[in-house]
Amino acid sequence: MPSLSSSSSSTCTFLLSFLFALTASNCAAREISSTSSPRQLSVDYYAKTCPQLEQLVGSVTSQQFKEAPVSGPATIRLFFHDCFVQGCDASILISTTPGSKVLAEKDAEDNQDLRVEGFQTISKAKALVESKCPGVVSSADILAIAARDYVHLAGGPYYQVKKGRWDGNISMASRVPYNIPRANFTVDQQLKLFNSKGLTLEDLVVLSGAHTFGFAHCKQFVSRLYNYRGSMQPDPDMDPRLLKALRMSCPQFGGNSDTVAPFDVTTPFLFDHAYYGNLEAKLGLLASDQALFLDPRTKPLVLQLGADKHKFFQAFAAAMEKMGSIGVERGT
């Protein structure tokens with residue numbers, strides 16, 4: 001069981017009992033130049049300068065995963081939020097300057113639900129790497145490696161991580177809102193955002209599969225339970241049993257803001273392809289997830305990935321490499 005706060009842990013345990021019953025019945029900081037050419041990444045970028053890099057990061061992620069399994073989805077989400085806002089430059093890790101009126105990315109409202117375990121993972125790994133290879137490895141590369149490690153530790157694919165990203169030193173909360181997908185986004189809205197990052201419809205469906213583990217707070221899906229898109233009714237595309245279970249923990253008004261529910265109600269702690277089967281069974285947690293099964297453009301791929309774990313694993317590894325190259329530029 002992931003390490004959650006005491007209140008959210010008990011609530012999550014209570015909620016999971018219903019959901020299981022349901023499914024059983026069914027920084028080396030560099031300033032980025034906007035006029036620079038794309039930077040080439042390579043698997044062996046640190047082969048001479050820090051050959052033990054992956055082992056060092058791996059020692060941290062494996063220990064962190066044992067102590068707090070929620071570190072896995074937390075770090076992958078951190079990687080996603082970093083790459084989608086001005087590229088994979090670790091700017092999500094920068095803290096707001098004390099006294100400054102300009103908030104950093106991590107302090108943006110859309111990033112307030114990012115769990116501390118993700119930040120802790122990178123902080124610990126960066127400290128260890130710096131002790132062995134001072135001033136060499138970027139936090140952006142450590143974040144990419146750690147995300148891969150957690151995918152594998154949770155049962156997912158192991159894939160090579162290309163490296164050579166440089167850290168940015170500009171981090172602005174104002175750049176976050178229009179670069180992060182919302183829980184109620186339609187496929188059109190999701191696709192527009194992904195396309196703006198150089199990602200395709202297939203990348204959208206495949207990367208959404210990261211919701212095969214991890215949790216979301218009630219506020220991300222509560223409208224589906226009571227007032228879906230202003231209808232004053234629940235979302236008709238949610239299984240009634242799931243609706244009942246979620247309503248018991250997520251009231252329409254009030255309630256515990258720390259309460260969470262698993263994205264994947266069948267295997268919430270494993271990285272597998274059950275997420276896609278859940279969408280077919282109307283067991284998607286977020287409206288943006290369930291929309292992938294309802295839209296004729298994305299439904300065929302949802303069905304394919306739900307039927308073939310190997311295909312999903314291969315596609316996910318390729319999509320993570322592609323996402324990990326967003327906005328990677330040369331610096332000065």
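Position 1 is the first residue of the sequence; numbering continues from there.
Although no hydrogens or angles enter the test, the distance criterion places a donor-acceptor pair under 3.5 Å between the side chain of S171 and the main chain of S91. Judged by distance alone, with hydrogens and angles left aside, the side-chain atoms of D239 form no donor-acceptor pair with the main-chain N or O of L243 at under 3.5 Å. Listed for the R165 side chain is a donor-acceptor partner under 3.5 Å among the backbone atoms of G324. Panel note: side chain S123, backbone Q120; no donor-acceptor pair is recorded below 3.5 Å. Proximity of a side-chain donor or acceptor of S325 to a complementary backbone N or O of E321 within less than 3.5 Å is detected. Side-chain atoms of S288 come within 3.5 Å of backbone N or O of A183 as a donor-acceptor pair. Side-chain N or O atoms of N227 include one that pairs as donor or acceptor with a backbone N or O of S231 at under 3.5 Å. Side-chain atoms of N111 never come within 3.5 Å of backbone atoms of L114 as a donor-acceptor pair (strictly under, hydrogens ignored). Here the side chain of D89 pairs no donor or acceptor atom with the backbone of D167 at under 3.5 angstrom. Although no hydrogens or angles enter the test, the distance criterion places no donor-acceptor pair under 3.5 Å between the side chain of D289 and the main chain of S208.
Taking the six-membered ring for Trp, F213 and F269 have ring centres at least 6.0 Å apart. Taking the six-membered ring where the residue is Trp, the centroids of F312 and Y276 are separated by under 6.0 Å. With ring centers used as reference points, Y150 lies 6.0 Å or more from F271. No close placement of the F221 and F263 rings is indicated, their centers lying 6.0 Å or farther apart.
Exactly one residue among K197, Q86, H81, E105 makes a side chain to side chain donor-acceptor pair (under 3.5 Å) with N179. That residue is K197.
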Report task. Given side chain to side chain contact (heavy atoms under 4.5 Å, CB included), test V43 with V161 step by step and report yes or no. Result -> CA-CA 6 Å; V43 172; V161 174; over 6 Å; no
**Report entry** side chain to side chain contact (heavy atoms under 4.5 Å, CB included) evaluation trace for L279 with L283
**Finding:** CA-CA 5 Å; L279 301 186; L283 296 175; over 6 Å; no
Requested in this report: Could you give me the CA-CA distance, side-chain angles and deciding distance for T121 and L143, then say whether side chain to side chain contact (heavy atoms under 4.5 Å, CB included) is met?
Outcome: CA-CA 9 Å; T121 291; L143 178 53; over 6 Å; no
Report task. Let me see the working for F194 and F84 under ring-ring contact (aromatic ring centres under 6.0 Å, His included), right down to the final yes or no. Result -> CA-CA 9 Å; F194 273 64; F84 264 57; 5.1 Å; yes
Requested in this report: Apply the test side chain to side chain donor-acceptor pair (under 3.5 Å) to residues D237 and Y228: give CA-CA distance (whole Å), side-chain angles for both, the deciding distance (0.1 Å), then the verdict.
Outcome: CA-CA 10 Å; D237 291 302; Y228 183 61; over 6 Å; no
Query raised in the report: Could you walk me through whether E54 and Y46 pass the side chain to side chain contact (heavy atoms under 4.5 Å, CB included) check?
Result: CA-CA 10 Å; E54 302 223 5; Y46 298 107; over 6 Å; no
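Minimum interatomic distance between D272 and T267 (heavy atoms only, all atoms of both residues): OD2-OG1, 2.7 Å. Of all non-hydrogen atoms in C50 and V136, the two that sit nearest each other are CB-CG1, 4.5 Å. Closest heavy-atom contact between A47 and P51: O-CB, 3.3 Å. The shortest heavy-atom contact between Y45 and T49 is O-OG1, 4.3 Å.
Using modelled atom types and a 3.5 Å distance limit, the side chains of Y158 and D149 yield no donor-acceptor pair. Under the 3.5 Å distance criterion, with hydrogens and angles disregarded, a donor-acceptor pair is assigned to the side chains of Q64 and K124. Side-chain contact, D188 with T186: no donor N or O sits under 3.5 Å from an acceptor N or O.
For the pair K163 and D141, the salt-bridge criterion is not met [side-chain N within less than 4.0 Å of a carboxylate O]. A salt bridge links D235 with R224; the closest basic N to acidic carboxylate O contact falls under 4.0 Å.
Between H273 and D308, the closest side-chain pair of non-hydrogen atoms is not below 4.5 Å. M238 has its side chain within reach of L246: a pair of non-hydrogen atoms, C-beta onward, lies under 4.5 Å apart. Looking only at side-chain heavy atoms (C-beta outward), K106 and S95 come within less than 4.5 Å of each other. The closest side-chain heavy-atom distance from I170 to R175 is below 4.5 Å.
In this structure, L128 CG and I142 CD1 are separated by 9.0 Å, a value rounded to the nearest 0.5 Å. Taking CG of L56 as the start and CD1 of I145 as the end, the distance is 9.5 Å to the nearest 0.5 Å. From K162, atom NZ reaches atom CD of Q40 across 8.0 Å, with rounding to the nearest 0.5 Å. Taking CZ of F316 as the start and OG1 of T212 as the end, the distance is 9.5 Å to the nearest 0.5 Å. Between Q314 atom CD and L305 atom CG the span is 11.0 Å, to the nearest 0.5 Å. Note that the CZ atom of F65 and the CD atom of E117 stand 12.5 Å from one another [nearest 0.5 Å].
Counting heavy atoms of neighbouring residues, nucleotides and ligands inside a 6.0 Å radius, atom CD of Q112 exceeds 12 of them. When the shell of 6.0 Å around NZ of K322 is examined, it contains more than 12 heavy atoms from other residues, nucleotides or ligands.
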